[in-house]
Asker: 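Here's a structure for you.
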There are 2 protein chains.
Amino acid sequence: MPTTLKELAARAKVHPSTVSRVVNQDPSLRIGPTTRARIEALLRETEYRPNGVARGLKLRQTLVLAVVIPDITNPFFGALFRGIEDGAAPRGYQVLLCNTDGSPDRQRAHLHSLIARRVDGVILASSFLKDQAVRWLRHQRIPYALVNRFSDEGLDPFVGSDDVIGARLATQHLISSGHVRIGHLAGQSTVSTGVLRRRGFQMAMVESRLRAEPELQAEAGFVEDGGMRATERLMALQEPPTAVFAVTDMVAVGAYGVARRLGLRVPEDLAIVGYNDIPLAGRLIPGLTTVHVPIHEFGSAAARLVLEQIDSGQVTPKRVVYAPQLVIRGSTASGAEVLNAVNVASRGIGE
Amino acid sequence: MPTTLKELAARAKVHPSTVSRVVNQDPSLRIGPTTRARIEALLRETEYRPNGVARGLKLRQTLVLAVVIPDITNPFFGALFRGIEDGAAPRGYQVLLCNTDGSPDRQRAHLHSLIARRVDGVILASSFLKDQAVRWLRHQRIPYALVNRFSDEGLDPFVGSDDVIGARLATQHLISSGHVRIGHLAGQSTVSTGVLRRRGFQMAMVESRLRAEPELQAEAGFVEDGGMRATERLMALQEPPTAVFAVTDMVAVGAYGVARRLGLRVPEDLAIVGYNDIPLAGRLIPGLTTVHVPIHEFGSAAARLVLEQIDSGQVTPKRVVYAPQLVIRGSTASGAEVLNAVNVASRGIGE
DNA sequence: CTGAAAGCGCTTACAG
DNA sequence: CTGAAAGCGCTTACAG
């Protein structure tokens, strides 16, 4: 059993409250120098560390944040988690990680459990549109933030990027490369990123007087296997697309796999654009053209947003929205074109 | 503020202990049916959930496990975490995740903090050989387990695989493919996997009367950038290797990058073998021959090992060691060879 | 400068 | 069948 304040007090022949005061370096109280020295020696000797649970009960703070995501094996969420941890650690917070695998039930169960544990804040990256669990969370009066996906427009503290603009950039890039028949590997319509990125795709098409035909929009979910199935469907059409915009980089990875299996060259036979710019995107061959969003910063900003609410004692639906940036790589352009585009892109980022 | 037992008791006009009994469905006590009905209605109405912190203080259990790893963005640790979570969730546990980035200081700081929080158990996947922090942990009398890496042979509860055998398998495969000049992209000598996999490499070489020359063994750490640098060094030798065995798949990924940059074909100009069989290994082009270890099971077994100790109240240095399996893909063999090897491998796994 | 008390929100052995 | 008390390990306003 670890040492307690009471034991220490008995050994130092003082009252437990006195020991507590030197442990916490209580500024308002001056402790007698001999008493203090005696207690400090004991503290060092026993390597005393106050019981965090008892402290948490008394102080009403656990110094724990919780993160709820679909799946940590998805590289997007790995980077996001690191951002959150980096934002929370300087303040002494550690982070509980909960995976939902996209199940609303699991999400709800995790949230209930976290509230019962009295975590100081929750960061949710697995929310659905009009999500009952989010509405419930809202009423718990606990600091929280949604990341990447929102639930009901404008109602929640949120960190993310403008998905319509990002998707529009991606699609415009394909159009300006000369593509006319462009497919969309779409996200789920129950998730904001799915809906908004599809909207951005459609917007760009319409703006260029191209038709966003329904048969060219195939739901792919957000990960590789759905990306493969959706690409297979599109490429089996009478008149398959010459380019696809994928709702995420992982869906784009699925498209690479199918292209390879079908013997299609990327980008000559099929150009591909992704979304997020996960580290893997730059390692694919050819490199994946994608929409860069600052994933790590999503995380640290979300952590800060929650910490602000903890500090202020108020839940404020502040929103932090980053501008997405197109990053052009080999999956949409030949070598020479990529070099030019890189110059443009890096200039763009500097602005 | 969430509802408390005391408030509920006042509303139901009973003593808090009575409410507590129906919340916990106390089996030894029979509660009057009318009282019970009244309280249960109240519980549903208020959606009462006991304060986990207070409960934790009284019951001396937090229902929290902690996982300490180098970096969650490394796919190996993503899969490991999922295994741990899957092993812990059925028992009502949630999991704190701590990244060390390989820093002993951060590892130590995290462990101290976790102990102060009174987590019920710790799973450590970032340990070094003869690690002071591990020795300290051992003396805390808290359930724990090391995963993948061990620290002092045999002293700690451990889940992993036999790294010497795995590395030997990998190297023997290269030798039997006709390679003579074989390099090793080695892990750090401060980590058990680094030392043991190098030992397995050397063992296989010597057994085949080949020389394991020091100049052909380059320290690469465990991730991609180190893998790139080490591969560059080996390929710059007077007489570069025709094949390399990489201490991890991520290091092998670094080798792919350098091979590509140097215009070397894999496997014709440079054969590559990795270790771990992360999901990425099968997606590389060509597919990465590697040593398969059951990463997800490492996690769930470690969770079970810790839960066993929690149940028994004893820290027992039980060891769970899995046999590694060679998985042959395109990075060491032509198409026809791969097909044959797959058949052999799948038979091997069935045994 | 230090002690004694109260209380954070629970659970459970002990009474009755 | 239910109440009252003690206690988990802290912190801090209140005394002295």
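Chain naming here is simple, since letters A, B, ... match the order of the sequence lines and numbering starts at 1 in each.
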Asker: Treating primed atoms plus P, OP1 and OP2 as sugar-phosphate and everything else as base, which nucleotides of nucleotides 5-10 of chain D get B, S or - for protein heavy atoms under 4.0 Å?
Answerer: B-BBBB
Asker: Is R91(A) paired with D311(A) through a side-chain N to carboxylate O contact shorter than 4.0 Å?
Answerer: yes
Asker: Between atom CG in L8(B) and atom P in dT11(C), what is the gap in whole Å?
Answerer: 12 Å
Asker: Compile the donor-acceptor pairs under 3.5 Å between side chains in residues 151-160 of chain B and protein atoms, sequence neighbours left out, one pair per line.
Answerer:
residue: S151(B); atom: OG; partner: F128(B); partner atom: O; Å: 2.9
residue: S151(B); atom: OG; partner: K130(B); partner atom: N; Å: 3.4
residue: S151(B); atom: OG; partner: D131(B); partner atom: N; Å: 3.0
residue: D152(B); atom: OD1; partner: R135(B); partner atom: NH2; Å: 2.9
residue: D152(B); atom: OD2; partner: R135(B); partner atom: NE; Å: 3.4
residue: D152(B); atom: OD2; partner: R138(B); partner atom: NH2; Å: 2.8
residue: D156(B); atom: OD1; partner: R138(B); partner atom: NE; Å: 2.7
residue: D156(B); atom: OD1; partner: R138(B); partner atom: NH2; Å: 3.4
residue: D156(B); atom: OD1; partner: Y144(B); partner atom: OH; Å: 2.5
residue: D156(B); atom: OD2; partner: R138(B); partner atom: NH2; Å: 3.0

Asker: Considering residues, nucleotides and ligands other than E47(A), do more than 12 of their heavy atoms fall under 6.0 Å from its CD?
Answerer: no
Asker: Looking only at atom types and distance, does a side-chain atom of S103(A) sit under 3.5 Å from a main-chain N or O of D105(A), one as donor and one as acceptor?
Answerer: yes
Asker: Is it possible for you to check whether R149(A) lies under 6.0 Å from the centre of the six-membered ring of F76(A), through NZ or CZ, and within 45° of that ring's axis?
Answerer: no
Asker: Both P16(A) and V14(B) contact DNA chain D. Taking the nearest nucleotide for each, which residue is further toward the 5' end?
Answerer: V14(B)
Asker: State plainly whether the residues R304(A) and E297(A) are in salt-bridge range, i.e. N to O under 4.0 Å.
Answerer: no
Asker: Tell me: CZ of R21(A) to P of dT2(C), nearest whole Å?
Answerer: 10 Å
Asker: If I take atom CD from residue Q314(A) and atom CD from residue Q309(A), how far apart are they, to the nearest 0.5 angstrom?
Answerer: 9.5 Å
Asker: Could you write out DNA chain D as a dot-bracket string, with dots for unpaired bases, | for bases paired across to another strand, and Watson-Crick or G-U pairs counted at under 3.5 Å?
Answerer: |||.||||||||.|||
Asker: State, without any angle test, whether R108(A) and Q132(A) hold a side-chain donor-acceptor pair at a distance under 3.5 Å.
Answerer: no
